[in-house]
Amino acid sequence: MKIVTWNVNSVRARLDILTEWLRDHQPDLMLLQEIKCEAHSFPLEAIEDLGYNIAIHGQKTFNGVAILSKSPIEDVQRGLTFFEEDIQARYIEAVTNGVRVASVYVPNGQAVGTDKYAYKLVFLERLHQHMKSLLQYEEAVVIGGDYNIAPTDLDVADPKAWTGDVLCSIPERKAFYALLNLGYRDGFRIDHPHEKLYSWWDYRSQAWPNDAGLRIDHLLLSPQATDRLESTGIDKAPRGKEKASDHAPVWCSIDV
DNA sequence: ATGGTAGACGATCTA
């Protein structure tokens with residue numbers, strides 16, 4: 001089964017690009033971030049017509065996550081269990097096609113030292129607690145999303161320009177490694193150990209034409225999911241289109 | 001030193 005994570009930066013603004021990609025690639029599962037709308041304004045019909053069931057955790061204007069699946073979606077949970085006071089829509093989890101999956105939109109963090117950066121680190125702690133609790137079931141679990149962290153300098157086109165900055169700072173990287181230390185794997189790096197391939201290019205400063213990107217979107221796999229991993233990749237093509245999201249879809253294939 | 005662009009929304013905020 002093919003599982004994809006994609007920060008679409010507004011599902012309504014990106015509907016044509018999204019539906020075209022779904023039609024061309026036929027993923028079993030699509031994990032969306034930054035849908036930037038509430039459930040009642042989500043373009044359900046255009047996506048249901050392609051054969052998808054949809055679960056949404058929406059929010060007006062900002063954030064918002066969703067799960068699209070060709071199989072029925074069960075046991076939907078919105079928000080992190082250990083972060084019930086969080087009013088931002090950044091996490092949705094469900095079981096579908098025999099796999100527990102989640103779509104997560106980790107806070108951007110704005111800049112090191114700001115309130116938003118502190119909130120990002122708190123969110124990552126609560127995510128860690130929750131991801132730890134999921135491992136007790138010894139299931140195949142895939143947590144896909146925009147983690148807003150480039151794990152190492154290999155994941156940054158120009159590491160010197162980004163040293164210590166938000167998305168690359170040591171505390172953020174430590175928080176990411178702590179998720180891996182629970183037993184999850186960064187799917188992409190398993191079969192692309194040395195590749196400089198990115199998932200996000202800033203709209204500004206000619207980042208896309210210069211390939212000045214960062215790899216900040218990830219699929220984290222539980223041991224049971226890792227054991228079934230067949231292949232992974234990042235499809236840069238949609239980033240080059242007119243009216244593109246600033247993120248590219250990141251995918252993996254799992255033998256179920 | 002703090003621009004550059006995009007989306008939602010209707011002045012800025014977030015990224």
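Chain identifiers are assigned alphabetically (A, B, ...) following the order of the sequence lines, protein sequences preceding nucleic acid strands; residue numbering begins at 1 within each chain. Please read these numbers as outputs of a predicted model, since none were measured by experiment.
The aromatic rings of A:His192 and A:Phe188 sit parallel, their planes meeting at an angle under 30°, below the 60° perpendicular limit. A:Trp200 and A:Trp162 have perpendicular rings, their planes meeting at more than 60° on a 0 to 90° scale where under 30° would count as parallel.
Nucleotides B:dG3 and B:dC13 are separated by 15 Å at their P atoms, to the nearest Å. Rounded to whole Å, the separation between the C1' atoms of B:dT14 and B:dG4 comes to 15 Å. Rounded to the nearest Å, the gap between the P atom of B:dC9 and that of B:dA15 is 15 Å. A distance of about 15 Å separates the C1' atoms of B:dG7 and B:dA11, rounded to the whole Å.
Mapped onto DNA chain B by nearest heavy atom, A:Ser205 and A:Asn148 fall at different nucleotides, with A:Ser205 at the one closer to the 5' end. Residues A:Ser10 and A:Asp146 each lie close to DNA chain B; by heavy-atom proximity, the contact nearer the 5' end of the strand is made by A:Ser10.
Residues A:Glu139 and A:Ser222 have side chains that never bring a donor and an acceptor to within less than 3.5 angstrom of each other.
Listed by first and then second residue, the ring-ring contact (aromatic ring centres under 6.0 Å, His included) pairs that reach into residues 13-39 of chain A are A:Trp6-A:Trp21, A:Trp21-A:His25, sequence neighbours excluded.
Near DNA chain B, meaning a heavy atom under 4.0 Å from it, residues 57-66 of chain A has A:Lys60, A:Thr61, A:Phe62 in order of number.
Annotation: A:His218 is in aromatic contact with A:Phe176 [ring centroid separation under 6.0 Å].
With salt bridges taken as basic N to acidic carboxylate O contacts below 4.0 Å, one links A:Asp155 and A:Arg189.
Residues A:Ile3 and A:Ile67 are members of one and the same hydrophobic cluster, defined by side-chain heavy-atom contacts under 4.5 angstrom among Ile, Leu, Val, Met, Phe, Trp and Tyr.
A:Arg239 comes within 4.0 angstrom of nothing in the nucleic acid, heavy atoms only.
Interface limits on DNA chain B: the 5'-most and 3'-most nucleotides within less than 4.0 Å of chain A heavy atoms are B:dG4 to B:dA15.
Evaluated for a side chain to side chain donor-acceptor pair (under 3.5 Å) with A:Tyr91, the options A:His57, A:Arg78, A:His130 yield exactly one hit, A:His130.
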